[in-house]
Amino acid sequence: MSSLAFIVWNVNPDFLDIGKLSIRWYGVLYAVAFYVGYKIMKNLYQAEKLNQKEVDRLTWHLALGIIIGSRLGFMILHSQENVVKQYWDNPLDILKIWEGGLSSYGAAVGILIAMYIYTRKGKVRSFLWIMDRVILVVIIGAVFIRMGNLINSEIYGVQTNLPWGFKFIKDSLNIGKPVSQVIPHHPTQIYESLLFLVLYIVMFRLFKNKRKHFAPGTILGIALIGLFSIRFCIEFIKEPQVSFNYAPLTRYGINMSHILSFPFILFGIIVLIYSTRLQKGKTVRL
């Protein structure tokens with residue numbers, strides 16, 4: 001392999017490091033994702049002449065759903081790696097979400113639960129109506145989160161000889177190694193970020209131009225299918241994040257993330273079928 005057939009990725013993951021104060025880029029991008037999501041929802045509510053105070057209540061529900069769901073999901077998926085014991089011994093570490101240790105699948109479940117509670121506690125539209133809009137926030141948030149993973153040199157792909165392969169120098173497995181001994185990997189964080197960005201543009205245009213013609217849930221169904229189909233496909237070239245040793249599936253490259261993506265794709269299909277039937281008047285609105 002020539003010296004130019006890879007990209008050396010040696011970015012410092014710390015945004016600010018002063019004494020005991022350390023803020024990582026991952027945390028900054030997480031905060032940016034929340035802020036952008038808040039602005040999107042605020043603009044959507046304003047465009048539809050809805051109570052602006054509801055945006056703040058929605059944001060709190062959404063934030064708690066994401067944080068609690070993603071942390072619990074991570075603890076459950078990594079329970080065999082003494083993660084639960086780590087947080088049991090240091091419970092305050094649970095709050096340090098800027099250090100990572102979050103599960104996007106757990107966050108997805110947390111969002112669904114939080115939005116269901118949100119729609120039941122106030123004078124707002126239906127759950128599917130809300131989720132048609134929140135899913136746009138989720139997609140754009142995923143773009144920022146994956147860029148945070150890139151800066152953290154984590155959740156990357158399998159080894160590659162392609163010229164855009166990244167040598168993640170700051171990865172804990174590579175610290176102290178000469179660059180020549182670090183193996184290039186697919187920068188799947190970039191792949192996913194770009195695909196999520198394309199999905200967001202498509203879904204936003206679809207929402208803007210067609211929402212008045214769609215029954216509630218149509219945007220959500222299409223977006224869930226697209227979002228988790230991207231996750232499902234990229235997993236084939238990504239290093240597994242959770243141990244999975246079921247031979248009948250692993251021989252075909254199936255890992256735990258594939259298994260976890262499938263229910264969300266299926267849920268998206270069910271929601272889309274329900275919305276289509278609702279639009280045709282063949283079922284009742286929930």
Side-chain angles (χ1 to χ4, degrees), residues 1-39 63 66-67 70-71 73-75 77-78 81-83 86-87 90 92-104 106-107 139-197 200 231 234-235 237-242 257:
M1 182 182 296
S2 71
S3 60
L4 297 178
F6 55 79
I7 297 170
V8 176
W9 186 255
N10 194 23
V11 175
N12 186 350
D14 290 330
F15 171 76
L16 181 65
D17 190 0
I18 304 176
K20 293 184 178 181
L21 176 61
S22 178
I23 300 176
R24 299 175 73 88
W25 274 106
Y26 182 89
V28 172
L29 290 170
Y30 212 91
V32 170
F34 270 109
Y35 177 75
V36 172
Y38 174 80
K39 296 296 290 186
I66 292 173
I67 293 170
S70 59
R71 185 64 97 192
F74 178 80
M75 292 171 66
L77 291 174
H78 295 268
E81 302 173 17
N82 294 322
V83 170
Q86 173 190 338
Y87 290 127
N90 303 281
L92 290 179
D93 286 353
I94 295 176
L95 302 177
K96 298 178 181 179
I97 60 172
W98 55 87
E99 294 183 355
L102 305 173
S103 165
S104 56
I139 296 171
I140 198 65
V143 174
F144 289 102
I145 297 305
R146 277 295 175 257
M147 294 312 296
N149 295 139
L150 175 66
I151 295 177
N152 268 359
S153 296
E154 62 186 3
I155 312 182
Y156 46 71
V158 296
Q159 299 177 19
T160 180
N161 290 322
L162 293 172
W164 58 82
F166 273 44
K167 289 195 171 189
F168 293 100
I169 307 301
K170 296 293 185 182
D171 180 24
S172 59
L173 298 176
N174 296 327
I175 293 177
K177 290 183 179 180
V179 174
S180 61
Q181 294 182 15
V182 177
I183 300 173
H185 289 257
H186 280 286
T188 49
Q189 312 98 320
I190 298 178
Y191 301 168
E192 286 187 301
S193 287
L194 292 176
L195 289 171
F196 291 156
L197 182 58
Y200 172 78
R231 290 293 308 270
I234 293 294
E235 286 299 327
I237 57 170
K238 188 188 293 184
E239 292 283 2
Q241 302 301 305
V242 181
S257 293

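Just so you know, these numbers come straight off a predicted model, no measurement behind them.
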Hey, could you give me the [atom1]/[atom2] distance between [X] and [Y], rounded to the nearest 0.5 Å?
{"X": "Ile140", "Y": "Lys39", "atom1": "CD1", "atom2": "NZ", "result": "15.0 Å"}
{"X": "Asn152", "Y": "Trp25", "atom1": "CG", "atom2": "CH2", "result": "12.0 Å"}
{"X": "Asn174", "Y": "Gln181", "atom1": "CG", "atom2": "CD", "result": "10.0 Å"}

**OP:** Step by step, work out the side-chain contact (heavy atoms from CB on, under 4.5 Å) result for Ile155 and Lys238.
**Re:** CA-CA 7 Å; Ile155 312 182; Lys238 188 188 293 184; 3.9 Å; yes
Close side-chain approach of [X] and [Y], heavy atoms under 4.5 Å:
{"X": "Ile183", "Y": "Thr160", "value": "no"}
{"X": "Phe34", "Y": "Ile66", "value": "yes"}
{"X": "Leu162", "Y": "His186", "value": "yes"}
{"X": "Glu192", "Y": "Arg231", "value": "yes"}
{"X": "Glu154", "Y": "Pro13", "value": "no"}
{"X": "Ile237", "Y": "Tyr191", "value": "yes"}

**OP:** For the residue pair Trp9 and Phe166, categorise the inter-ring angle as parallel (less than 30°), tilted (30 to 60°) or perpendicular (more than 60°).
**Re:** tilted
Donor-acceptor contact below 3.5 Å, side chain [X] vs main chain [Y]:
{"X": "Asn10", "Y": "Ile169", "result": "no"}
{"X": "His185", "Y": "Gly157", "result": "yes"}
{"X": "Ser193", "Y": "Val143", "result": "yes"}
{"X": "Lys167", "Y": "Val179", "result": "yes"}

Could you tell me which non-hydrogen atom of [X] sits nearest to which non-hydrogen atom of [Y], and how far apart they are?
{"X": "Ser103", "Y": "Gly73", "value": "CB-C, 3.7 Å"}
{"X": "Val182", "Y": "Lys177", "value": "CG2-CB, 4.1 Å"}
{"X": "Pro163", "Y": "Ile7", "value": "O-CG1, 4.2 Å"}
{"X": "Phe168", "Y": "Pro187", "value": "CZ-CA, 4.3 Å"}

Original post:
Would the Tyr200 and Phe196 ring centres measure less than 6.0 Å apart?
Top reply: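 When the ring centroids of Tyr200 and Phe196 are compared, they turn out to be at least 6.0 Å apart.
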Subject >> Residue pair Tyr26, Asn149: steps toward the side-chain contact (heavy atoms from CB on, under 4.5 Å) verdict >> reply: CA-CA 7 Å; Tyr26 182 89; Asn149 295 139; 3.4 Å; yes
